[in-house]
Amino acid sequence: MRMEPLKENISSHKYFMFSGFSELGTRKSFISIPFLILFFVSLFANSLLIYVVVSQRSLHSPMYILIACMSFVDMSLPLILIPNLLLNVLFNLNGISLSGCLVQMFLIHMLGASQSALLFWMSLDRYFAICRPLSYHEHMSLSRFLKFVIPVLSRNVIMVSAVVILAGKVLYCFRNVINHCFCEHMALVELGCGSTAINSLVGLLGVFVVPMVDFLCITTSYIIIFRSVLRSGKSSAKALHTCITHIIVIIISLTFTLTAYLAYRMTSLPNAGRLFVSTMYMFLPSCINPIIYGVRTTEIRQNILKMLPTGQ
């Protein structure tokens, strides 16, 4: 049982070091290759998709705007994390202040929550388009749709802020070495002295419960959509094409998340291997999602082809 330290006379660390991939020694520079590839693929693919949606007036509808927002969020994670990770593995610049770590933690969790929220809003867009087509534009007008946006955004900001604020109040009087390559919540909090049970509880709520609520709402929306299509006898291939695209993105995200969760807890794997898999899951969807939307969304694909030198 860990004893509660006296808070007087205890100095709390304000500067931390990342130990991710340190066991590889000089070989850890090779880790930079896949991360560099992911960085440039994500930057190019998401920037292209955002540019196409913004530049083409025919794509200025809620569905495509939400896809562009997802691309922006997908692109943000590699932009925030990969440069620091490369500085670590290439130049051994692996230090970060507590305030910098908390900012990084906030951005990571906020972007993750935003991905979940966007998938929920996309499911609502498809629900109104397929199940309420006559009132689609009314429901998806900015003033009406904000009723779904503001509560979810407020929930995300409150939950993520609570996680970060509580982490900032922990006394870090043990080691100042974070066993990760970025400021993951529990990797930082486990360095604290004294009880961190409240941090673990709030972190669990923020990381699992919030996305799970969104996932249940998304699942419910698509069940209603499928039932509506089957009952009405509509051409399901056309009506559900975009829905299936969103579902593919959801399945890919869940698969990577589950793989990372299991890999990080497989003690049979080397620490560097577990860390590599648990880190890649944050970046791979940012490369795959824009490709899926670009290939499967007809209007986006056609506009991208027009931009090519051989495009008609």
Side-chain angles (χ1 to χ4, degrees), residues 45-76 110-157 211 213-229 232 234-253 285-286 288-304 306-307:
N46 287 293
S47 297
L48 177 61
L49 195 149
I50 293 170
Y51 173 76
V52 169
V53 173
V54 171
S55 63
Q56 302 298 319
R57 291 184 61 84
S58 60
L59 300 180
H60 291 181
S61 63
M63 182 181 77
Y64 303 112
I65 292 172
L66 287 171
I67 290 175
C69 289
M70 177 64 85
S71 286
F72 176 78
V73 171
D74 283 340
M75 182 173 62
S76 298
M110 195 63 202
L111 289 170
S114 298
Q115 288 175 327
S116 175
L118 279 164
L119 290 171
F120 168 58
W121 295 328
M122 288 175 177
S123 70
L124 282 179
D125 170 77
R126 291 300 84 199
Y127 168 77
F128 290 130
I130 295 173
C131 300
R132 301 287 188 270
L134 298 179
S135 57
Y136 171 76
H137 292 290
E138 179 184 351
H139 285 296
M140 294 303 295
S141 64
L142 182 60
S143 58
R144 293 288 295 272
F145 198 64
L146 281 176
K147 294 179 181 178
F148 299 104
V149 173
I150 293 175
V152 176
L153 278 180
S154 301
R155 176 205 65 185
N156 291 348
V157 171
V213 170
D214 288 344
F215 177 73
L216 290 175
C217 293
I218 292 167
T219 303
T220 302
S221 298
Y222 285 123
I223 289 174
I224 295 172
I225 289 170
F226 279 106
R227 288 182 61 187
S228 175
V229 170
S232 64
K234 297 176 185 177
S235 175
S236 58
K238 183 176 180 179
L240 299 177
H241 183 78
T242 309
C243 290
I244 294 172
T245 302
H246 294 327
I247 291 171
I248 291 172
V249 170
I250 293 169
I251 291 172
I252 289 174
S253 298
S286 70
I288 296 173
N289 290 350
I291 295 173
I292 293 173
Y293 284 123
V295 170
R296 288 190 52 85
T297 308
T298 305
E299 293 78 3
I300 293 177
R301 183 177 69 249
Q302 289 175 344
N303 279 283
I304 291 175
K306 288 178 183 178
M307 296 171 61

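When the shell of 6.0 Å around NE2 of His60 is examined, it contains more than 12 heavy atoms from other residues, nucleotides or ligands. Taking a 6.0 Å sphere around CZ of Phe72, one finds it holds 12 or fewer heavy atoms contributed by other residues, nucleotides or ligands.
Residues forming a salt bridge (Lys or Arg N to Asp or Glu O under 4.0 Å) with Arg144 (at least two apart in sequence, or on another chain): Glu138. Partners of Arg227 by side chain to side chain donor-acceptor pair (under 3.5 Å), not counting sequence neighbours: none found. The side-chain contact (heavy atoms from CB on, under 4.5 Å) test applied to Ser253 returns Val249, not counting sequence neighbours. Scanning for side-chain contact (heavy atoms from CB on, under 4.5 Å) contacts around Ser143 gives Ser141, with sequence neighbours left out. Partners of Arg132 according to the salt bridge (Lys or Arg N to Asp or Glu O under 4.0 Å) rule, which considers only residues two or more places apart in sequence or in another chain, do not exist here. Residues meeting the side chain to side chain donor-acceptor pair (under 3.5 Å) test with Ser76, sequence neighbours left out: none. Partners of Ser58 according to the side-chain contact (heavy atoms from CB on, under 4.5 Å) rule, which considers only residues two or more places apart in sequence or in another chain, are Gln56, Asn303. For Tyr64, the side chain to side chain donor-acceptor pair (under 3.5 Å) partners at least two apart in sequence or on another chain are Glu299. For Thr219, the side-chain contact (heavy atoms from CB on, under 4.5 Å) partners two or more places apart in sequence, or in a different chain, are Phe215, Ile223. By the side chain to side chain donor-acceptor pair (under 3.5 Å) test, Ser135 is found to be paired with His139, residues two or more places apart in sequence or in another chain being considered.
Sorted by first and then second residue, the salt bridge (charged side-chain N to carboxylate O under 4.0 Å, His left out) pairs involving residues 55-72 (not counting sequence neighbours) form an empty list.
Once rounded to the nearest 0.5 Å, the distance linking OH of Tyr127 with OG of Ser228 reads 8.0 Å. Atom CG of residue Leu146 and atom CG of residue Leu153 lie 9.5 Å apart, to the nearest 0.5 angstrom. The SG atom of Cys243 sits 11.5 Å away from the CD1 atom of Ile248 when rounded to the nearest 0.5 Å. The distance from atom CD1 of Ile300 to atom CE of Met63, rounded to the nearest 0.5 Å, is 6.5 Å. Here CG of Leu66 is found 5.5 Å from CZ of Phe145. Values are rounded to the nearest 0.5 Å. With rounding to the nearest 0.5 Å, the separation of CE in Met307 from OH in Tyr51 is 5.0 Å.
Closest of all the heavy-atom pairs between Ser71 and Leu49 is OG-CD2, 3.4 Å. The two atoms that bring Pro133 and Cys131 nearest to each other are CD-C, 3.4 Å, heavy atoms only. Closest approach of Met110 to Asn156, counting heavy atoms only: CE-CB, 3.8 Å. Closest approach of Gly294 to Arg301, counting heavy atoms only: O-CB, 3.1 Å. Smallest separation of non-hydrogen atoms from Pro290 and Asn46: CG-OD1, 3.4 Å.
Between the side chain of Thr220 and the backbone N or O of Leu216 there is at least one donor-acceptor pair closer than 3.5 Å.
Side-chain contact between Tyr222 and Ile250: present, with at least one pair of heavy atoms (C-beta onward) separated by less than 4.5 Å. Here the side chains of Ile67 and Leu59 are not in contact, with every heavy-atom distance at 4.5 Å or above.
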What side-chain donor-acceptor pairs closer than 3.5 Å can you find for residues 118-125, not counting sequence neighbours?
{"unit_1": "Trp121", "atom_1": "NE1", "unit_2": "Phe148", "atom_2": "O", "d": "3.3"}
{"unit_1": "Ser123", "atom_1": "OG", "unit_2": "Phe120", "atom_2": "O", "d": "2.5"}
{"unit_1": "Asp125", "atom_1": "OD1", "unit_2": "Tyr136", "atom_2": "OH", "d": "2.5"}

>> Using side-chain contact (heavy atoms from CB on, under 4.5 Å), reason through Asp214 and Arg155 one step at a time and then give a plain yes or no.
In response: CA-CA 11 Å; Asp214 288 344; Arg155 176 205 65 185; 2.9 Å; yes
>> Using side-chain contact (heavy atoms from CB on, under 4.5 Å), reason through Ser47 and Met75 one step at a time and then give a plain yes or no.
In response: CA-CA 8 Å; Ser47 297; Met75 182 173 62; 3.4 Å; yes
